Amino acid sequence: MKTTKKLTRFIALAMAMILCLFTLAGCAGSGGNNGGSSQNSGEETAAASDANTETVTDAESKPADSGEKVKIGMIWYGNTDAMGGTFYSWANHAAEVLNVELVWKLGSYTTADELTDCENLISAGCQGVYFVPMDTAANLQLGNACKDAGVYWATSNRQIADESVLTACEANPYFVARVYDNSYDVCKEMVKVLADQGIKKVCMLSGDPTDAMMVDRTKGFEDGCSEYGVEILATSQIVSGDASANVDSVNNFLTLYPNMEGILAVSGTAGVGEAIITALDASGREKGSVKVAAFDTFEGNQQAFEAGWLAASCGGYTSECLISLLALISTVRSGSGTGEVMALSLSPLLITSAEEMDIFSQYVDNPEIQLYSDETIQSLAGDGVTIEDYQKVLDDWSIDYVKQAAGIE
Amino acid sequence: MREQMKKMVPVAGLVIMFLLFAFTTDGKFLTRVNLQNLIIQSAITMVAAVGTAFVMAHNNLDFSLGGACALSCVLSYLIAGQNLPLFFILCMVFGIVCGLFSALLHIKGQIPAFMAGMCLMFAGRGVAQSVAANTNMLMVGAASLNNIWFFLLVLLVVVVLGFLIFNYTKVGKYQKLIGTNPKATELSGINVNAYKTIAFAISGATIGIAACLTVIRSASIIGNTGLNLETNVLLALSLGGISITGGSATKMRSAIIGTLIFFILNNGLTLWGLNPDYVDIVKAVFFLLTVTISIDRSQYDMIA
């Protein structure tokens, strides 16, 4: 028994010594570049923003074309819902077509966890890292980790809300592309759809005023209303995750503004869309007497279109994820960045009928369907692809494109 | 002999895993940067685990960790803003206050500690999400401390202090005594409630430090700050072979060994490039094996 105890202690001591030895050896050489751990987020990012002329050296020296498979790290929220599963499928298909290896890290919802994933992916030998930033600071932290390691990075689905962070990120020579949703224009279009149906008085469910994406959507609705002569009678902020509070908001609209003809909602996810339709169904009003334009798709929207409540909806962001990834692969393959961040935007799909909603459900948010051909994928990951080429593909993203790609008459 | 062998499992598991990844990742695991990353990545959980071990030693569970971490960050930010030294001090203070609040609910309110902790977890998360919805809490300046030296220093101080207090002072020894037999401890003239309160305060202090480290890693505070901290810490402690029922079998080394196992496994599986569909399954199998072999089953004897 005593011998075993001694053995335990010996192993523990040996283990501790090995770890200390490696750590000290590692720390001794950490004076300069700290690899995955970003030492320089604060002051150095400011310095970096002044160094726009900095050239990419580490990545240039990497043997991207040495016959070895390009390895890309993918930090993604999950592959179990429609959008998550669709992009997971699209990205894996693209990787197969392009002979690229993808290393996935799924399920990180904080910047600290995303940073851990990013550091591990860099250690795993990834030459590029793609991620959806969980918040604005994630761009800075993960960007610095990539910069320190000489690894390219690209993002999608999120704007960078803070100017100083945006400046610092744009000065990062390894930042390849950022693609974000052009919510503003789509919201204006949604108001136009209502105005074309003769709607003149609406109430609005607005979004979190500190969320850049929500601010864009709210502004789009407001500007659309003033452009198309629609009056906003009242505004109430969406309570995220609290369906009953949102039902209350709609009921208040119905009670206080009997002349209300439409409802604008900056988001239909997280139970908001369902709450609006539930409140309208229970209101006793004639079906279709109030028209709803809600951003994002939600459960039961097909029936809401058929019942006449829903007049406009939008969704479909998978293309921007794919384009961001292809731009990253292209840069890693060529081994040199352009020195400029590609800032691209995507207008989500505008859905205005039950038929379009059906097409959306069947062909857009469906992991089984590949809407981009192998030739298109090849061409967008090759040499000499310009920012205009990528933007054109994003601009072409529409229900008509989906129909054509899916072979629907 | 068998019991001694069981106690070796977490250490042996750590050694085997270390060697396995060292020999199967083409040297990627043993690179300087990767080892530094491992230390930095495990610091937040390890620091919180050291404090939680005090609470577990007297046979309680602290579930407040993630929520208390978020609450400390948010309240400190609202008072200190971008003033880093003040922010760090306030994080510690609010962490301790959270610990004392859990102790108050548990001792004075006669509420099971894990329930008190859960309430604090939900309350903290709720406050953090509400404030984050209306306030942009960027802490870009904090990110300048995201380096190996700072994290190593904090880890050394917390682990060494935790080890010394746990093993060589009344505060630590009495926690184990309370965990072994609270009635006997009380009858021997020891103020059980006072020592339990101290344990929660220590746990709160480590939550405060973990909150500081989280902000340094994230460069911001959001509604999800500190998400899953309690799960990670309890899992790490279990992997380290801690006695769930507390008492003299509780060892501080569980916090260190368990946390390293947790993060080395996560790191190694990424280096292997394992299919993401299998990562959680592999982790579950490994965790189950380790805990099944090493767990102290004496507490289940009565049930059988």
Side-chain angles (χ1 to χ4, degrees), chain A residues 1 4-5 7-8 11-12 14-15 18-19 22-23 25-27 29-30 34-45 71 79 101 103-106 109-113 115-117 119-125 134-138 140-141 144 149 161-162 164-165 208-211 240, chain B residues 1 4-5 7-8 11-12 14-15 18 25-26 28-37 39-41 44 132-136 138-144 146-149 151-152 214 217-220 222 224-228 253 257 260 263 266-267 270-273 275-277 279-280:
Chain A
M1 188 161 169
T4 322
K5 205 166 182 178
L7 187 64
T8 312
I11 293 172
M15 190 66 206
I18 291 169
L19 276 174
F22 279 118
T23 306
C27 295
S30 68
N34 188 28
S37 56
S38 50
Q39 287 177 307
N40 55 350
S41 300
E43 292 81 358
E44 284 188 29
T45 46
K71 204 173 183 182
N79 59 357
E101 184 183 349
V103 185
W104 291 88
K105 289 296 290 180
L106 303 178
Y109 291 98
T110 66
T111 300
D113 287 344
L115 182 57
T116 295
D117 288 346
E119 289 167 348
N120 289 342
L121 288 168
I122 291 169
S123 288
M134 279 299 137
D135 71 320
T136 290
L140 201 58
Q141 294 295 80
N144 280 331
D162 185 85
S164 62
V165 173
D208 174 3
T210 61
D211 183 330
S240 187
Chain B
M1 176 73 178
Q4 286 301 322
M5 290 295 281
K7 284 176 187 168
M8 280 176 63
V11 185
L14 180 60
V15 175
F18 191 92
T25 54
D26 297 329
K28 287 174 193 159
F29 181 75
L30 290 179
T31 60
R32 170 177 61 85
V33 170
N34 194 50
L35 292 170
Q36 284 179 6
N37 285 343
I39 293 166
I40 293 177
Q41 288 167 11
I44 297 169
N134 298 300
T135 318
N136 188 4
L138 269 177
M139 296 280 288
V140 176
S144 57
N146 189 23
N147 63 68
I148 182 68
W149 292 111
F151 275 70
L152 202 57
T214 304
R217 288 282 283 169
S218 314
S220 67
I222 56 170
N224 279 348
T225 294
L227 190 71
N228 296 332
R253 64 165 181 259
I257 294 169
L260 286 174
F263 282 92
N266 184 42
N267 177 265
T270 309
L271 299 187
W272 274 357
N275 185 322
D277 293 334
V279 168
D280 285 341

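In what follows, every chain begins at residue 1, and chains take the letters A, B, ... in the order their sequences are listed. Since the structure is predicted, the reported quantities are computational estimates derived from the model, not experimental observations.
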Item to complete: Please determine which of A:T110, A:D135, A:T136, A:L140 meets the side-chain contact (heavy atoms from CB on, under 4.5 Å) test together with B:S220.
Response: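 Testing each of A:T110, A:D135, A:T136, A:L140 against B:S220, the sole residue satisfying side-chain contact (heavy atoms from CB on, under 4.5 Å) is A:D135.
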Item to complete: Calculate, to the nearest 0.5 Å, the distance between atoms CG and CD1 belonging to B:N37 and A:I122 respectively.
Response: 8.0 Å
Response to the item:
Output for pair (A:N144 CG, B:N146 CG), nearest 0.5 Å, gives 9.0 Å
Worksheet entry | Check against side chain to side chain contact (heavy atoms under 4.5 Å, CB included), B:Q41 and A:D113 | CA-CA 9 Å; B:Q41 288 167 11; A:D113 287 344; over 6 Å; no
Item to complete: Could you verify whether a donor N or O on one side chain and an acceptor N or O on the other, from A:E119 and B:N34, lie under 3.5 Å apart?
Response: no
Fill in: Pair B:K28, A:N120: side-chain N/O donor-acceptor within cut-off below 3.5 Å
no
Item to complete: Output, in order, the C-alpha distance, side-chain angles, deciding distance and verdict of side chain to side chain contact (heavy atoms under 4.5 Å, CB included) for B:T270 and A:S123.
Response: CA-CA 9 Å; B:T270 309; A:S123 288; over 6 Å; no
Item to complete: Kindly say whether B:R217 contributes a backbone atom to a donor-acceptor pair with the side chain of A:Q141 at under 3.5 angstrom?
Response: yes
Discussion item. Can you tell me which of B:V279, B:D277, B:T214, B:D26 forms the most heavy-atom pairs within a distance under 4.5 Å of chain A?
Written reply: B:D277
Worksheet item: Can you name the nearest heavy-atom pair linking B:L138 to A:A137, along with the distance?
Response: CD2-CB, 3.6 Å
Practice prompt. Determine the minimum heavy-atom distance between A:Y109 and B:I222, stating which atoms define it.
Written response: O-CD1, 4.5 Å
Worksheet entry | Which portion of A:L121 sits near chain B, non-hydrogen atoms under 4.5 angstrom | both
Fill in: Engaged part of B:D280 at the chain A interface, taking heavy atoms whose separation is under 4.5 Å
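B:D280 has no heavy atom closer than 4.5 Å to chain A.
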